[in-house]
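Okay, so here's the structure we're looking at.
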Amino acid sequence: MASGIKDKVAILGMGCSKFGERWNDNAEDLIVEAFIEAIEDAGIDKSQIDAAWFGTGIEEQHVGKSAVPLSMALRLPNIPVTRVENYCASGSEALRGAVYAVASGAADIAMAVGVEKLKDTGYGGLPQRSRGAVNDLFWANASAPGSFAQLATAYSAKHNVSAADLKRAMAHISIKSHDNGSKNPKAHLRNKITEDKVMNAPMIAEPLGLFDCCGVSDGSAVAIVTTPEIAKALGKKDLVTVKAMQLAASNGREAQHNSWDGSHFVTTRAAAKRAYQEAGITNPRDQISMFEVHDCFSITELVTMEDLFISSDGRAVNDIMDGLFDADGKIPCQIDGGLKCFGHPIGASGIRMVYEMYLQMHGRAGERQRAEEPVFGMTHNLGGFPHQNICSLTIVGKEGA
Amino acid sequence: MEVGILAYGGYIPKSRLQRDQIFKAHAWFNPGLKGLSRGERSIANWDEDSVTMAVESARDCVAPDQRENISAVYMASTTFPFQDRQNAGIVADALNMKSNIQTLDFTSSMRAGTAALTVALQASKGAEGPILLTSAENRMTKAGSALELTTGDGAASFLIGSGNIVARLLGSHSESVDFVDHFRGESAEYDYTWEERWVKEEGYMKIVPTAVNSVLEKTGVSASDITTFCFPVAARNVAAGLAKKLGISEDAVADNLQSNCGEAGSAHILIMLAKALQEAEPGDKILIASFGQGCDALIFETTDAIKTVRPNTGITGSLANGRADSNYNRFLAFNDGLRMDLGIRAEVDKNTGLTTHYRNRYMAQRMVGGECSKCGTAQFPKSNICVNENCGAINTQEDYSFADKIAQMNSFTADRLTYSPDPPAYYGMIQFEEGGRLMSDFADISPDDELTVGMKMRMVFRVKDYDTKRDFRRYFWKAVPVNATQKGSE
């Protein structure tokens with residue numbers, strides 16, 4: 001395996017807009033809001049940015065195609081700007097482009113911008129749209145919650161977990177994220193909820209009820225990255241560096257070959273092994289300080305605990321109910337509220353996850369700041385469906401860790 | 001060469017709308033409908049049309065390995081989904097038949113079913129192989145009309161030719177009379193009907209006896225020798241009245257299935273024939289007579305093979321496989337009888353590129369996937385590179401039909417977010433026992449059904465999407481739980 005990018009790239013500055021129903025803002029307004037925070041945090045002028053990557057998932061709902069909308073919104077000085085799309089992992093893809101550019105030496109300072117404007121459809125949930133001309137001929141009439149709900153039935157069958165026990169663990173996940181989101185001023189959903197409320201909520205796609213589903217939000221997030229040397233030359237201390245970035249794409253095995261049981265993510269497991277190796281992490285359960293996973297649905301978070309090798313197979317329910325992943329637990333998960341409550345503006349989400357790690361490591365997370373100083377933070381950004389998806393993992397941490 | 005019926009099958013959609021629910025909705029306007037408010041009628045699901053029902057009945061009639069020599073596919077209906085695109089051709093495609101066959105649609109009369117049968121029997125004498133005849137009907141009826149109560153949906157299929165026939169044709173006779181008891185003009189959605197008493201006295205009771213007496217005379221069969229008399233009309237006691245007038249035994253009068261199915265238009269006489277065959281003994285003489293601008297009368301005699309050549313499910317099995325449905329509003333919604341607010345999600349454009357559709361027709365209409373000739377892995381859709389990670393061979397996949405394979409269900413959901421005409425949308429991962437899998441829509445699931453991981457599923461041909469802007473519909477296959485009454489492919 002390649003030697004990887006560990007400690008070759010440092011985060012120079014980050015920004016994140018308020019997520020939510022931003023009725024009066026265009027995507028460009030959200031981009032500028034996140035950009036201003038990031039560029040001020042980086043302490044540079046935008047003319048110092050050598051290249052930018054722009055992540056959006058459903059561009060037809062807002063900016064349209066290409067990277068031009070980003071370049072125009074920020075009046076970038078004709079630098080290379082690339083638009084990337086990889087389902088809900090589009091934000092991580094933008095970050096990967098920027099990080100790789102710096103790691104390769106092609107750019108000294110690079111920027112990743114993610115944005116999504118989803119609340120212009122006239123209805124709740126993700127936009128219903130064509131899946132592609134050929135796919136439309138035979139794909140099931142599946143929504144996002146319906147696709148991820150499949151995990152629940154397959155997981156229950158495989159691990160012999162009763163539907164009721166699974167639902168309770170899923171409820172715990174959502175309650176925890178609402179608790180965390182209530183402490184986050186930029187979060188879309190800031191209300192606390194109870195188990196009763198989760199259990200009695202309207203069914204969206206069995207067994208996922210309303211509170212098993214994340215918020216669909218408008219928002220933007222920005223990361224500016226550079227080399228550790230340049231960061232230090234710019235006066236930055238206590239650097240947060242990139243330890244690993246790994247991506248895995250389904251190749252059709254889950255969707256078309258009978259070797260997958262439907263209860264876990266093949267891609268997450270493949271990417272996690274590579275990410276831990278790249279970061280030099282041998283025991284993630286003990287070494288990862290905190291993580292943000294792609295909790296589009298409560299069941300996704302549940303199985304991802306096992307796919308990231310934090311919980312052993314079939315034990316996620318126990319770890320969740322033991323409070324291992326609560327804000328004051330051993331390894332907090334979604335300490336910012338996650339997709340569930342911070343919100344899920346698709347193209348921004350991957351960068352938003354890293355934003356929280358960055359804030360926590362700099363002790364700037366406000367009311368939700370973790371007392372114990374984090375060393376390694378991991379983000380998990382997933383796009384697509386359990387049976388065909390993109391998984392993007394990022395590990396960041398203290399320089400030298 | 002003696003020709004006759006080689007095999008037969010039938011299909012009645014699962015849902016049975018309770019007539020008292022229809023009557024309850026309209027009693028305020030037309031209390032006279034009370035007389036028709038007993039029993040139940042079959043209703044096609046939202047994703048069924050005459051083509052899909054025809055396909056299901058044809059599958060019931062001929063197994064995949066018996067389709068090789070079929071020389072023609074005829075389809076009869078007055079409710080074809082396409083006015084200009086051969087509907088029999090869609091049926092043939094769904095049955096994964098070769099292109100060197102004749103396909104023909106018969107329509108425009110309640111006699112279309114028997115017309116197709118008569119033509120098939122004549123043509124099969126000189127045909128290179130048996131003719132598959134299928135007939136299905138999915139009639140639109142006005143809310144509050146008598147037809148809404150008396151009609152039903154269903155299909156029947158027959159394999160016509162020579163050889164090991166289950167019933168031989170003794171003779172047939174056709175009377176053509178432009179007697180217009182009802183009609184549906186070029187631009188009309190619904191039938192326009194005339195007074196029933198006149199239809200009975202001047203139509204049924206005069207035209208049918210002429211045709212039946214002629215066929216009795218031609219064949220030398222005496223009326224009293226008729227074992228089963230099938231007459232499809234819904235009106236009460238007409239068949240019995242005709243039998244009395246013709247000298248046919250009262251016991252021979254076949255049930256017109258008003259109580260549990262309803263009259264399925266031009267297909268109904270063939271549905272009754274399929275049921276009569278399923279219940280027949282060798283040597284039975286079955287007289288069928290249709291009515292529509294005249295009358296076709298045919299007499300069949302069953303052979304010893306009637307005991308051994310059986311449909312998978314047949315009309316009898318299909319009728320027994322019903323589910324009572326009390327939701328008249330849903331029936332109206334399915335049939336555009338209500339202006340429903342379907343929500344913005346329903347507005348997604350369902351345009352189908354005809355190039356895309358043609359290029360992928362084996363996948364989309366026949367459910368043909370690939371089988372790797374190197375490692376033997378069955379996979380759907382067929383692709384250039386084998387999905388088996390331990391193989392990965394390039395360009396090794398041979399056509400492999402999934403339509404008749406049995407699958408087990410690995411996971412599922414009931415989705416209330418995605419747009420479905422009948423929410424929740426049920427779908428899940430199904431895994432074929434002999435390899436291959438698919439995230440598949442499920443059909444005919446009711447919230448009362450218990451879905452469990454591991455349960456067996458079979459595939460059915462259904463409408464995948466309606467393109468209401470262009471009046472196109474695309475078909476694909478969906479999974480349904482295997483019933484105890486169905487034998488499946490093994």
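Because only heavy atoms are used, hydrogens play no part in the values below, and waters and symmetry mates are left out as well, while side chains stay in. Note that the coordinates shown come from a computational prediction; the quantities given were computed from them, not determined experimentally. Numbered from 1 within each chain, the chains take letters A, B, ... in sequence-line order.
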Taking C-beta and beyond as the side chain, do [X] and [Y] meet within less than 4.5 Å on heavy atoms?
{"X": "B/S440", "Y": "A/W139", "value": "no"}
{"X": "B/R345", "Y": "A/T121", "value": "no"}
{"X": "A/W260", "Y": "B/M429", "value": "yes"}
{"X": "A/N251", "Y": "B/E389", "value": "yes"}
{"X": "A/R129", "Y": "B/V348", "value": "no"}
{"X": "A/Q128", "Y": "B/Y419", "value": "yes"}

Just how far is it from atom [atom1] of [X] to atom [atom2] of [Y], taken to the nearest 0.5 Å?
{"X": "A/H387", "Y": "B/M439", "atom1": "NE2", "atom2": "CE", "answer": "4.5 Å"}
{"X": "A/L210", "Y": "B/R416", "atom1": "CG", "atom2": "CZ", "answer": "14.0 Å"}
{"X": "A/K158", "Y": "B/S411", "atom1": "NZ", "atom2": "OG", "answer": "13.0 Å"}
{"X": "B/N388", "Y": "A/N258", "atom1": "CG", "atom2": "CG", "answer": "10.5 Å"}
{"X": "A/N141", "Y": "B/T418", "atom1": "CG", "atom2": "OG1", "answer": "3.5 Å"}
{"X": "A/L137", "Y": "B/R474", "atom1": "CG", "atom2": "CZ", "answer": "6.0 Å"}

Under 4.5 Å from a heavy atom of chain A, the part of [X] involved:
{"X": "B/T452", "answer": "neither"}
{"X": "B/N351", "answer": "neither"}
{"X": "B/M363", "answer": "side chain"}
{"X": "B/A425", "answer": "side chain"}

Taking side chain as everything from C-beta outward and backbone as N, CA, C, O, which of these in [X] sits under 4.5 Å from a heavy atom of chain B? Side chain, backbone, both or neither.
{"X": "A/R253", "value": "both"}
{"X": "A/L208", "value": "neither"}
{"X": "A/A133", "value": "both"}
{"X": "A/S263", "value": "neither"}

Original post:
Can any side-chain N or O of B/T413 pair as donor or acceptor with the backbone N or O of A/E206 at less than 3.5 Å?
Top reply: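 Looks like yes, one N/O pair under 3.5 Å.
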Counting heavy atoms not belonging to [X], are there more than 12 under 6.0 Å from its [atom1]?
{"X": "B/D336", "atom1": "CG", "result": "no"}
{"X": "B/M340", "atom1": "CE", "result": "no"}
{"X": "A/N135", "atom1": "CG", "result": "yes"}
{"X": "A/R168", "atom1": "CZ", "result": "no"}
{"X": "A/R315", "atom1": "CZ", "result": "no"}

Original post:
Under a 4.5 Å heavy-atom cutoff, which of B/A364, B/P381, B/A378 has the most pairs with chain A?
Top reply: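 Most heavy-atom pairs within the cutoff with chain A belong to B/P381.
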**OP:** Assess whether side-chain contact (heavy atoms from CB on, under 4.5 Å) is satisfied between B/K464 and A/D136, documenting all intermediate values.
**Re:** CA-CA 9 Å; B/K464 171 111 180 80; A/D136 283 344; over 6 Å; no
Specify the closest pair of heavy atoms between [X] and [Y], including all atoms of both residues, with the distance to one decimal.
{"X": "B/Y427", "Y": "A/A140", "answer": "CB-CB, 4.1 Å"}
{"X": "B/R437", "Y": "A/A255", "answer": "CG-O, 3.1 Å"}
{"X": "B/V453", "Y": "A/A157", "answer": "CG1-CB, 3.8 Å"}
{"X": "A/G146", "Y": "B/D415", "answer": "CA-OD2, 3.6 Å"}

Original post:
Side chains of B/N410 and A/Q150: do they bring a donor and an acceptor to under 3.5 Å?
Top reply: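 A/Q150 and B/N410 do not have a side-chain donor-acceptor pair below 3.5 Å.
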**OP:** For side-chain contact (heavy atoms from CB on, under 4.5 Å), just list the numbers for A/F138 and B/L438, CA-CA rounded to whole Å, side-chain angles, deciding distance to a tenth of an Å, and then say yes or no.
**Re:** CA-CA 9 Å; A/F138 75 100; B/L438 176 72; 3.9 Å; yes
